[in-house]
Number of protein chains: 2
Amino acid sequence: MPELSERKKQILANVVEMYIKSGEPVGSKGLISSSGMNCSSATVRNEMNELDQMGYLVQPHTSAGRIPSEKGYRYYVDNLMPRRDVDEFTKRMIDAGIAPAAGDPEKLVNRARELLADITKCAAVSTAPVGEMNVIRKIELVPVGMHTAMMVLLTSNGILKSRLCRIDSDFNVTILEQFYNIVESFFIGKPSGEISPAEIQTIAASVESNYFVMLPLLAAVSDLSGSTNDSRLILGGGANLLSRKDYGDKAIPLLEFLNKKEPLSEVIRSSKDDLSIRIGSENLFKQLEDSSVVVSKYSVKGDNSGSISVIGPTRMDYESVISSMRYLSDLLGHLITSALEE
Amino acid sequence: MPELSERKKQILANVVEMYIKSGEPVGSKGLISSSGMNCSSATVRNEMNELDQMGYLVQPHTSAGRIPSEKGYRYYVDNLMPRRDVDEFTKRMIDAGIAPAAGDPEKLVNRARELLADITKCAAVSTAPVGEMNVIRKIELVPVGMHTAMMVLLTSNGILKSRLCRIDSDFNVTILEQFYNIVESFFIGKPSGEISPAEIQTIAASVESNYFVMLPLLAAVSDLSGSTNDSRLILGGGANLLSRKDYGDKAIPLLEFLNKKEPLSEVIRSSKDDLSIRIGSENLFKQLEDSSVVVSKYSVKGDNSGSISVIGPTRMDYESVISSMRYLSDLLGHLITSALEE
DNA sequence: AATTGGCACTCAGCTTGCTTGAGTGCTAAA
DNA sequence: TTTAGCACTCAAGCAAGCTGAGTGCCAATT
């Protein structure tokens, strides 16, 4: 990454910011007047030309102004973007918006996602808190029919999962007792997600008499506890993308893409850092080539566990999106933590 | 509703069907050729003119063909539309699509909604089964923190609801025991939704010592059991409306409207019959003036309890939508019933 | 009395050409 | 190295013209 001269940096930053604000390509003259640089438009023109050749800017047509390329956005985000705190207004909006959900982890996550979509006017995605430090609190098996029962599993981060299971023989007290004994001695207090099929086999084998009845139940426990939380991945504010003129009719296939759970999950989960920004084709899916994805993780009890994300046009207002997300994911982590500890 | 001559009926039916297929206004000549009527275009023209004046057809512009008015659609749906069974292909699609969800009521409903959206290329809404005959099966209270607990309620139709509650004193065995006693003697087996605040008061008063601890817990039970199932109302396939050229940019405000739970719930719930069709401005919300809403109820254990709906442009293919919905809601009702009884 | 062929008329949507103006690159002077 | 000046480009907006599907009406036909 070659160093740019101070002036080039200044120009690039201005182009990016003006383009983000207006959506119109930025010309040399307009840039001068609204950035207060003290040099002439011709000078800016020369510099822009070089930035163009270096790949930071592009021209939509020969006689139009410049817009940032992906490389331009990337350089801006990495080196030029101011790292301010959330503005007061947004902060209040978040504080006020999330307050009514305090105390309930699930509601908090949902509320956070809705707020994020509203604030950024982009699509927002949330994943529920599922840390590795997470422990199984309770397992219940409630008969629903003769051969079916609802299994309910509660983890220490306050997340409830359920699933219907079916067995071949009738339910009776003995089976239930046996099941609860096993649960008590093998599962309660165990980190969720650490139950291997092999273990299940071993445990099931220990009940000679009811092996074939118990096996599906135990498999269900394993399944439920380890279930990739795809089902806890929720997209909101998709409609916001439609009002963004950036995507013309490309908004429709994009929305269709985002509505599929699996690829979306892949997109979100492929982020490693606490805060990751992927711009345009840095996203591996070609459906996202005109979009940027910002993922911010939040921690519950000091354990990195869930995330909130924003998906919008590459032209999104990175600075405000990121500052909002930083604040919101911090707050969310704290609120969930205290909901569980209190 | 004045009777129309046989020929007028035939013409109206053809206009509606052709317009539904093509989306283009139907002219006299085109109608002749693709409907095989044995009269001249001039005759059709005269008839169309009358239908126009009677209010069944309208002309978008002076020199265009005719399209059905709302009155025209209504007459078609009530009197002219063939009532065929689902076509073989759709039927297979439904059978194959719903099979993997068999056994789990919640999954069945979700799958049905997704299928419906896919088949009709419209938005689809599902509500979970919540009949009046519905009974509380089990209530669990799982402590999550010092002052918080997760309450889980399971009803006889296999639907699970949960909610976090918080109390002022610490949880202890006595409180839990007392709570479960109350649950056992007052709530289990009771029709959900029939627990009045007054009753809660009475019951809470019966535990002199722990009145203030028990009250919020009991209130939570009442709340959970009676909770309007707004939260069980889910919209899917909203993106389908965008690809429908019928709504130009009106699709965006429409989607925004549909994404609000309350009005959508109102729209669905205002249907009384087993199958209700509301066309255009027959819907009370003006956001739906260009849309039709078809609601079909399904029964679980003979008790009319949930519904699936389709929302799409007034130009939707009523015949195929309705036949699909009839088949699907029947199937859904049966599958849920057998999942619970088996 | 109902049906039909013929004809003049309408008008949305497309095509075409013109104009405008923001913006560029280049050159020559400061 | 910067700047003023100038010729050039091209998207977007507008007006005029053309096209063709479709109509309404009338007079002739069955």
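We name chains A, B, ... by the order of the sequence lines, and we start the count at 1 in each one. Just so it is clear, the structure is predicted and the values come from calculations on it, not from any experiment.
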**Prompt:** Would you say the side-chain atoms of Ser271(A) and Ser276(A) include a donor-acceptor pair closer than 3.5 Å?
**Reply:** yes
**Asked** Can a donor-acceptor pair be found between the side chains of Ser292(A) and Tyr318(A) at a distance below 3.5 Å?
**Response** yes
Nearest-Å distance, [atom1] ([X]) to [atom2] ([N])?
X: Glu6(B); N: dA2(C); atom1: CD; atom2: C1'; value: 18 Å
X: Met37(B); N: dT4(C); atom1: CE; atom2: P; value: 10 Å
X: Glu47(B); N: dT4(C); atom1: CD; atom2: P; value: 11 Å
X: Ile67(A); N: dA11(D); atom1: CD1; atom2: P; value: 14 Å
X: Asn38(A); N: dT1(D); atom1: CG; atom2: P; value: 17 Å
X: Leu57(A); N: dG25(C); atom1: CG; atom2: C1'; value: 16 Å

**Request:** Return the set of residues passing salt bridge (Lys or Arg N to Asp or Glu O under 4.0 Å) with Arg66(A) (not counting sequence neighbours), or none when no residue passes.
**Result:** Asp52(A)
**Message:** Tell me every residue that passes side chain to side chain contact (heavy atoms under 4.5 Å, CB included) with Asp290(A), counting only those two or more places apart in sequence or in another chain.
**Reply:** Tyr247(A), Lys250(A)
**Message:** Each nucleotide in nucleotides 13-30 of chain D should get exactly one letter: B, S or -. Can you fill that in based on protein heavy atoms under 4.0 Å?
**Reply:** ---------SBBB-----
**Asked** In terms of the angle between their ring planes, are Phe285(B) and Phe257(B) parallel, tilted or perpendicular, with boundaries placed at 30° and 60°?
**Response** tilted
**Asked** Taking only side-chain nitrogens and oxygens of Thr43(A), does any of them come within less than 4.0 Å of OP1 or OP2 of dT3(D)?
**Response** yes
**Asked** Quick check: does any side chain N or O of Ser69(A) sit under 3.5 Å from a backbone N or O of Tyr56(A), one acting as donor and the other as acceptor?
**Response** yes
